[in-house]
2 protein chains.
Amino acid sequence: MSLKHTLLGFLNYGPQTGYDLKKHMDNSTQFLWHARLSQIYPALKRMEEDAWVESTAAPQEGKPDKKFYMITDKGRRALIEWLDQFPGEIAPDKKPELLRVFFAGALDKENILTHLRHQVALHRTQLQKYQTEAQSYIAEIVIQTGLERESVFWELTRQFGEEYERMYIAWLEQAIQTTQDKL
Amino acid sequence: MSLKHTLLGFLNYGPQTGYDLKKHMDNSTQFLWHARLSQIYPALKRMEEDAWVESTAAPQEGKPDKKFYMITDKGRRALIEWLDQFPGEIAPDKKPELLRVFFAGALDKENILTHLRHQVALHRTQLQKYQTEAQSYIAEIVIQTGLERESVFWELTRQFGEEYERMYIAWLEQAIQTTQDKL
DNA sequence: CCTAGCATGTAACCAGTTACATGATTCA
DNA sequence: TGAATCATGTAACTGGTTACATGCTAGG
């Protein structure tokens with residue numbers, strides 16, 4: 001299970017609240033791992049029971065107390081152990097959009113083409129996001145935190161997103177061509 | 001939920017047992033959608049309750065009766081309805097291996113390079129599979145079933161796998177270079 | 001006035017994994 | 001002799017989503 005390890009990864013940069021962690025996930029690991037607050041809060045609680053993290057409460061007016069979580073040595077060891085695992089084989093993940101293409105033969109030609117063109121538009125938008133928002137967000141965080149070494153890998157995963165979207169768009173264009181020619 | 005729709009997609013090609021469906025998933029949609037038998041059997045049961053499928057039992061000696069499932073008109077409508085959905089935005093999926101790269105800064109340089117090289121090997125193997133096994137499997141099924149129109153899309157998703165692995169390998173090689181230069 | 005953001009959480013439910021149960025046949 | 005394939009399932013558990021609950025502040 002990787003949610004706990006994602007939280008450890010972020011807490012390794014410094015103490016944060018559950019709410020902060022959610023925002024960081026939304027802004028950076030969104031396309032690698034994501035979770036709702038309703039899952040994050042109980043996860044942090046269990047991590048504290050396992051002594052991976054410690055919490056301190058900061059009272060506030062008109063809002064619930066802020067609860068800052070800090071990674072422990074045990075937590076840091078758990079993070080390193082997880083990072084240092086070698087997968088024996090590639091884990092298949094679920095791609096509902098491609099599953100629709102796999103079974104697309106049940107739809108008529110024009111409808112399939114409309115769907116493929118719709119996908120192209122979505123992926124062009126996503127490519128733009130990786131090239132603009134994602135890039136400037138990383139730059140901003142590096143200025144705020146000074147985590148230069150870490151940012152090398154943030155930037156690499158951002159580039160993966162960019163290359164993935166380029167590949168996806170090129171493949172969709174090929175798929176449109178093939179559908180026009182062969183159906 | 002897409003498991004039920006995957007099963008409908010395959011049942012739309014002809015009546016099959018739960019066991020057959022599992023094998024087809026393992027051989028074709030494995031990297032788009034997959035499930036265990038312990039999930040497939042109850043799913044088929046619920047689909048029968050919803051009148052998406054109908055079953056007939058074929059007695060056998062020394063084994064449990066084979067249970068052939070057949071798609072109904074209602075099931076076919078549910079399949080088309082699902083295929084014809086336009087997603088409003090791209091759904092993020094979980095990529096544990098890339099998450100490890102994102103947090104790789106916590107490991108030392110040589111160890112990171114070892115992990116990246118290990119990934120290259122895994123993805124080269126996967127690329128080979130898409131180019132050989134996957135391709136000949138599709139050809140075989142087309143001969144057996146004559147589903148030529150459908151095979152256009154099976155082949156397109158196979159090509160996606162191929163392009164994805166090429167992109168992944170090229171990115172990993174770039175990541176190795178960057179790690180060597182910047183760390 | 002209403003929506004978004006801040007800040008915490010619980011409860012019910014659905015999806016998916018792991019382990020268990022049965023039992024015959026074939027192949028290395 | 002032991003593993004793999006065929007063929008069905010159930011039970012317990014874990015992971016993740018949806019809905020609910022509270023309540024203040026700032027901005028359009």
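Letters A, B, ... mirror the listed sequences (proteins, then strands); counts begin at 1.
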* Could you walk me through whether A:Glu150 and A:Thr145 pass side chain to side chain contact (heavy atoms under 4.5 Å, CB included), step by step? => CA-CA 10 Å; A:Glu150 283 71 15; A:Thr145 64; over 6 Å; no

* **Value in whole Å for how far the C1' atom of C:dG5 lies from CG of A:Asp26** => 13 Å

* Send over the distance from A:Ile40 CD1 to D:dG16 P, rounded to a whole Å. => 11 Å

Show the distances under 3.5 angstrom between N or O atoms of the protein and N or O atoms of nucleotides 11-14 of chain D.
none

* Take the C1' atoms of the five end pairs on each side of the helix from C:dC1-D:dG28 to C:dA28-D:dT1, get both axes, and report the angle to 10 degrees. => 40°

* Structure fact -> In whole angstroms, the gap separating P of C:dC6 from CG of A:Leu21 amounts to 14 Å

* Distance-only donor-acceptor check, side chains B:Gln135 and B:Gln131, under 3.5 Å -> no

* Respond yes when some side-chain nitrogen or oxygen of B:Lys22 is under 4.0 Å from OP1 or OP2 of D:dA7, and no when none is. => no

* Determine, step by step, whether B:Tyr130 and B:Glu165 satisfy the side chain to side chain contact (heavy atoms under 4.5 Å, CB included) criterion, reporting the C-alpha distance in whole Å, the side-chain angles of both residues, the deciding distance to 0.1 Å, and the verdict. => CA-CA 9 Å; B:Tyr130 283 126; B:Glu165 295 305 334; 3.7 Å; yes

* Asked: If you check every side-chain atom of A:Tyr41, which of C:dG9, C:dT17, D:dA7 has the closest atom?
  -> C:dG9

* Return each pair, listed once, that meets side chain to side chain donor-acceptor pair (under 3.5 Å) where at least one residue sits in residues 174-183 of chain A; pairs must be two or more places apart or across chains. => A:Gln174-A:Thr178

* Structure fact -> Residue set satisfying side chain to side chain contact (heavy atoms under 4.5 Å, CB included) with B:Pro15, at least two apart, ordered chain then number -> B:Met70

* To do: Would you mind reading off the distance between B:Arg36 atom CZ and C:dA19 atom P, rounded to a whole angstrom?
  => 10 Å

* Structure fact -> Residues passing the side-chain hydrogen bond (donor to acceptor under 3.5 Å, both in side chains) test with A:His5, sequence neighbours excluded, are none

* Between P of C:dC6 and CG of A:Asp65, the distance in whole Å -> 18 Å

* Asked: B:Arg46 has an atom CZ; how far is it from atom P of C:dC13, in whole Å?
  -> 15 Å

* **Pairing residues for B:Arg166 by the salt bridge (Lys or Arg N to Asp or Glu O under 4.0 Å) criterion, not counting sequence neighbours** => B:Glu162, B:Glu163

* To do: Could you tell me which residues satisfy salt bridge (Lys or Arg N to Asp or Glu O under 4.0 Å) with B:Asp26, sequence neighbours excluded, listed by chain and number?
  => B:Lys22

* To do: Could you please name the option among D:dG9, D:dG15, D:dT10 that lies closest to any side-chain atom of B:Tyr69?
  => D:dG9

* Structure fact -> Closest of C:dT17, C:dT8, D:dT10 to the B:His34 side chain is C:dT17

* To do: Compare all side-chain heavy atoms of B:Trp52 with those of B:Leu7 and state whether any distance is below 4.5 angstrom.
  => no

* For B:Thr17, which residues count as a side-chain hydrogen bond (donor to acceptor under 3.5 Å, both in side chains) partner, sequence neighbours excluded? -> B:Asp20

* To do: May I ask you to list the residues of residues 74-97 of chain A, by number, that have any heavy atom positioned under 4.0 Å from an atom of DNA chain D?
  => none

* Structure fact -> Assert: residue with more 5' nearest nucleotide on DNA chain D, out of A:Trp33 and B:Thr17, is B:Thr17

* Six-ring centre of B:Tyr164, A:Lys95 cation under 6.0 angstrom, axis tolerance 45° -> yes

* In sequence, state the C-alpha distance, the side-chain angles, and the governing distance for B:Val101 and B:Glu97, and then conclude on side chain to side chain contact (heavy atoms under 4.5 Å, CB included). => CA-CA 7 Å; B:Val101 176; B:Glu97 297 318 321; over 6 Å; no

* To do: On the 0 to 90° scale, with breaks at 30° and 60°, tag the A:Phe102-B:Trp154 ring pair as parallel, tilted or perpendicular.
  => parallel

* **A:Arg124/A:Glu173 ion pair, N-O < 4.0 Å** => yes

* State which residues pass side chain to side chain contact (heavy atoms under 4.5 Å, CB included) with A:Gln85; sequence neighbours excluded, sorted by chain then number. => A:Trp82, B:Arg100

* Could you give the CG-to-C1' distance, from B:Leu44 to D:dA7, as a whole number of Å? -> 13 Å

* Please state whether the rings of B:Phe160 and A:Trp171 are parallel, tilted or perpendicular, taking 30° and 60° as the class boundaries. => perpendicular

Provide a list of protein-nucleic acid N or O atom pairs under 3.5 angstrom, restricted to nucleotides 3-6 of chain D.
unit_1, atom_1, unit_2, atom_2, d
D:dC6, OP1, B:Lys23, NZ, 3.2
D:dC6, OP2, B:Tyr19, OH, 2.9
D:dC6, O3', B:Lys63, NZ, 3.4

* Asked: Heavy-atom contacts under 4.0 Å between residues 2-15 of chain A and DNA chain D, which residues?
  -> none

* Whole-Å gap separating C1' (C:dG16) and CG (B:Leu37) -> 14 Å

* How are the rings of A:His24 and A:Phe10 set relative to one another: parallel (under 30°), tilted (30 to 60°) or perpendicular (over 60°)? -> parallel

